[in-house]
Amino acid sequence: MTITNSNNPLLAGLNPAQAAAVSHDGGPLLVIAGAGSGKTRVLTRRIAYLIEAKEVHPGSILAITFTNKAAAEMKERVNELVGPIAKSMWVSTFHSACVRILRNHPEALGYRKNFVIYDQDDAEKLISLISSSMGLDTKRFPTRQSASRISNAKSELLGPKELMAKATHIMERKVAEVYAQYQERLLGANAMDFDDLIYKTHELFERYPAILEQYQRRFFHLLVDEYQDTNVAQNALVMQLGERSRNVFVVGDSDQSVYGFRGADMRNILEFEKAFEDVAVIKLEQNYRSTQTILDVANSIISNNQYREAKNLWTDQGSGEKVRLFVGDDDSEESNFIASSILRERETGGRRYSDFAVFYRINSNSRSVEEAFIRRGIPYRVVGGTRFYDRREIKDTMSYLRLIQNPTDEIALRRVINVPKRGIGDQSIAKVATLAAEMGTTLVDALSKYEAAGVTGRAKSGIADFLVLMEALRGHVRDEMPPGELIEAFLDESGYRSELAANDSVDNLSRLDNLSELVSVASEHETLEAFLDASALVAQADQIQGDDVVTLMTVHTAKGLEYPVVFLTALEDGIFPHSRSLYEPKELEEERRLCYVGVTRAREILYLTRANQRSQYGESSLTIPSRFLDEIPPSLIEDVSVRLSYEERRSRYLGDSVVQSASGLSSSTLKRYGTTSNSTKVDSGPRLSVSQLKPGIPVVHGSWGEGVVTAIDGNGDNASVTIRFSSVGSKKLILSYAPLKLA
DNA sequence: GTCCGTAGCTCGGCC
DNA sequence: AGCTACGGAC
């Protein structure tokens with residue numbers, strides 16, 4: 001090939017920094033890519049460049065992206081650039097790549113080839129079983145906390161022994177004990193959790209240098225996107241694979257690191273330069289996405305972080321409009337404002353619904369926006385939240401499939417053994433579990449010995465029926481029945497479908513709909529294993545589709561996406577930044593990065609919204625504005641809040657209650673709306689004593705001393721205030737009785 | 001022993 | 001508001 005860089009079409013239209021990254025010679029390269037600086041473009045061109053100009057075989061390329069959807073898009077774009085030879089390269093998430101590798105060598109780590117993947121829910125169920133068998137007090141050892149400690153240990157490559165060695169407190173030692181048993185039970189169940197996928201691949205490479213070398217030679221070029229969100233284990237994996245070739249091309253932006261809670265460690269990107277001897281660094285600061293005003297807002301917010309590398313986004317595409325701030329009386333008014341703004345801009349601004357996105361910090365904030373959209377007939381899609389795969393009927397069915405595939409899956413067995421009802425209760429399961437413990441086998445092995453276990457009556461025949469059912473279903477798999485048909489067979493033969501059909505409630509109808517959808521998804525896969533792997537690893541962002549609807553999602557899920565018009569909502573201290581981050585400077589910086597991510601998703605118009613009063617956890621309380629709003633220069637903001645008259649507000653609440661169903665809204669959403677429509681009432685203004693108190697204000701109590709207000713509920717004489725005291729923890733007090741004064 | 005309704009407790013973000 | 005723990009009915 002004689003194409004030189006000066007006329008290589010793969011470098012056309014790139015700025016000098018982008019072109020330098022794409023045509024990088026080889027060896028380790030760190031691309032610091034600010035938001036909207038064209039990093040996806042750089043990555044795809046780089047891959048195409050390797051294949052065309054460097055004559056690298058596509059099979060020698062491993063590219064890691066953050067979501068499966070991003071992987072599919074990248075593959076398609078490379079395909080457009082270089083043609084179908086691109087098929088043989090691996091473009092996937094860390095988790096998907098690891099599953100692929102582990103499936104090639106399951107026995108090396110003591111697993112069997114049909115191992116299954118546990119999601120967070122499964123993992124917590126198993127941990128909860130272990131905690132109670134150890135007699136741990138669930139108050140002192142909440143399952144979720146143990147689960148997250150174990151998860152964090154794995155993402156830092158600490159095994160049970162290492163965690164025990166680090167433990168300084170009895171609590172930590174107990175968690176390490178739970179961890180050790182958890183790993184044993186996972187192995188016994190032939191299951192891995194999400195963190196295991198990375199941890200075990202790293203272990204595989206560490207224990208079997210020959211296997212590592214095989215992959216080092218195969219993947220001669222490594223590319224990793226969103227490097228700021230890698231954890232210790234993922235980083236170690238990259239170092240293992242890249243050690244030989246040193247062709248490690250990483251892209252990221254430390255200002256967009258927002259997954260600290262699951263172990264993401266910004267040091268991986270900040271210290272990448274030290275990981276290899278001669279790391280080249282390229283900085284992309286020119287932004288091609290947003291207006292300068294939006295970038296100025298983003299820059300001014302993020303500049304408040306201490307722990308960062310200085311960076312300044314700029315564009316040559318003009319300053320655009322000011323960002324718009326809206327302050328509503330309550331969340332319902334905030335949502336109504338969002339709805340009417342969308343309708344107005346769609347009519348007068350020539351925009352489509354799909355040009356708009358609404359972001360929130362926590363999933364529960366979607367509800368009020370959804371209600372407003374339903375009332376106005378705005379079609380929308382919520383990304384994430386209660387995921388499809390988290391729905392009960394889907395989890396039940398998937399558990400059956402997993403159990404068919406992998407008979408030792410204890411969590412799946414426990415979930416479905418009495419679904420549909422077969423008269424097998426906790427007592428009978430406990431008997432089998434006792435027998436299993438005596439025999440030193442797994443629950444599954446003991447199940448067939450249910451008579452010896454002393455199971456009687458209905459439960460006895462129930463277990464017998466269950467064993468027959470499972471054998472019949474496994475027979476279908478041996479006959480190579482494809483996954484879609486297998487689900488149909490399960491629904492009929494188990495009686496699951498008839499149980500749902502017996503009662504035609506709205507819930508059951510939508511469950512049957514969901515199951516049909518599951519059948520059609522499953523039909524796209526050839527084998528049960530392929531279907532199970534794919535469904536275990538779907539990311540929230542993978543669900544985004546191209547329809548003309550407004551997209552609602554958390555700011556986390558929005559990372560990597562862009563929209564012409566963005567609403568960043570519920571900008572209130574305690575929500576965004578989240579209450580659990582307020583007293584932890586490092587976490588507060590992560591919240592700020594998250595805010596930065598949200599702001600930089602917007603191309604043309606950015607709305608920042610908040611409400612003075614918000615219903616949460618079933619109660620309404622006063623809010624205080626997000627501190628991030630104070631970090632924006634006022635000159636960049638236009639306040640578009642409208643003070644409505646009482647009549648206007650009244651007609652807004654009562655006037656347009658049209659409930660329609662033509663917009664693809666699920667029946668459950670409509671039902672939910674129907675039961676919660678009159679949730680908001682605003683009393684005559686708060687009394688002085690209430691208005692003196694807001695979340696975050698320090699107070700002194702007559703007997704408990706100093707504390708901080710965390711919530712205020714109710715009005716007038718009934719007003720109560722929740723205060724976190726340093727002496728006795730959180731207390732809820734009736735304001736008119738409590739001996740309180742301002743600190 | 002299992003099933004079903006009610007009371008009490010928790011409530012962040014995700015592959 | 002949604003899930004586990006308990007008590008009564010079968």
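Here the structure is a predicted model, which means the values were calculated and not measured. Numbers restart at 1 for each chain; the letters A, B, ... are given by sequence-line order, proteins then strands.
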Practice task
Determine if His578(A) stacks with dG12(B); use a centre-to-centre distance below 5.5 Å and an interplanar angle below 30° as the criteria.
Solution key: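 Whether judged by distance or by angle, His578(A) passes, so it stacks on the base of dG12(B).
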
Problem - Tyr259(A) ring over dG13(B) six-membered base ring, under 5.5 Å and 30° - result: no

Exercise for the section: Taking Ser257(A) for its side chain and Ser254(A) for its backbone only, find out whether a donor-acceptor pair lies under 3.5 Å. Expected result: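 Checking the backbone N and O of Ser254(A) against the side chain of Ser257(A), no donor-acceptor pair under 3.5 Å is found.
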
Grab the [atom1]-[atom2] distance between [X] and [N] for me, whole Å please.
X: Asp426(A); N: dC6(C); atom1: CG; atom2: P; result: 12 Å
X: Lys69(A); N: dC15(B); atom1: NZ; atom2: C1'; result: 16 Å
X: Ile150(A); N: dC15(B); atom1: CD1; atom2: P; result: 21 Å
X: Phe261(A); N: dC15(B); atom1: CZ; atom2: C1'; result: 9 Å
X: Ile429(A); N: dG1(B); atom1: CD1; atom2: P; result: 14 Å
X: Lys559(A); N: dC15(B); atom1: NZ; atom2: P; result: 10 Å
X: Glu591(A); N: dG12(B); atom1: CD; atom2: P; result: 12 Å
X: Asn152(A); N: dC14(B); atom1: CG; atom2: P; result: 16 Å

Measuring to OP1 and OP2 of [N], would you say a side-chain N or O of [X] lies under 4.0 angstrom away?
X: Arg361(A); N: dG12(B); result: no
X: Ser428(A); N: dG1(B); result: no
X: Lys431(A); N: dG1(B); result: yes
X: Asn418(A); N: dC3(B); result: yes
X: Thr557(A); N: dC14(B); result: yes
X: Ser364(A); N: dA1(C); result: no
X: Asn363(A); N: dC11(B); result: no

Handout entry: Sequence-distant partners of Arg144(A), salt bridge (Lys or Arg N to Asp or Glu O under 4.0 Å), two or more places apart
Key =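 For Arg144(A), no residue satisfies salt bridge (Lys or Arg N to Asp or Glu O under 4.0 Å) once neighbours in sequence are set aside.
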
Under 4.0 angstrom, heavy atoms only, what part of the nucleic acid is [X] near: base, sugar-phosphate, or nothing?
X: Gln120(A); value: base
X: Gly457(A); value: nothing
X: Glu587(A); value: base

Exercise for the section: By nearest nucleotide on DNA chain B, pick out whichever of Ile362(A) and Thr456(A) is the more 5' one. Expected result: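 Mapping each residue to its closest nucleotide by heavy atoms, the 5'-most match is Thr456(A).
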
Exercise for the section: Tell me which of Phe66(A) and Arg144(A) sits closer to the 5' end of DNA chain B, going by the nucleotide each one is nearest to. Expected result: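 By nearest-heavy-atom nucleotide position, the 5'-most residue is Arg144(A).
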
Handout entry: Distance-only polar pair, side chains of Ser620(A) and Gln613(A), donor-acceptor under 3.5 Å
Key = yes

Handout entry: Pair Tyr182(A)-Asp193(A), side-chain donor/acceptor within less than 3.5 Å
Key =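 Tyr182(A) vs Asp193(A): donor-acceptor pair found between side chains.
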
Handout entry: Results of ring-ring contact (aromatic ring centres under 6.0 Å, His included) for Phe205(A) - residues two or more places apart only
Key = Tyr215(A)

Problem - Out of dA1(C), dC11(B), dC3(B), whichever nucleotide has its closest atom nearest the side chain of Arg367(A) - result: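 Shortest atom-to-atom distance from the side chain points to dA1(C).
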
Practice task
Side chain of Thr554(A) only, please: which of dC3(B), dC14(B), dG1(B) is the nearest?
Solution key: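 For the Thr554(A) side chain, the nearest candidate turns out to be dC14(B).
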
Problem - N-O pairing of Arg308(A) and Glu589(A) below 4.0 Å - result: no

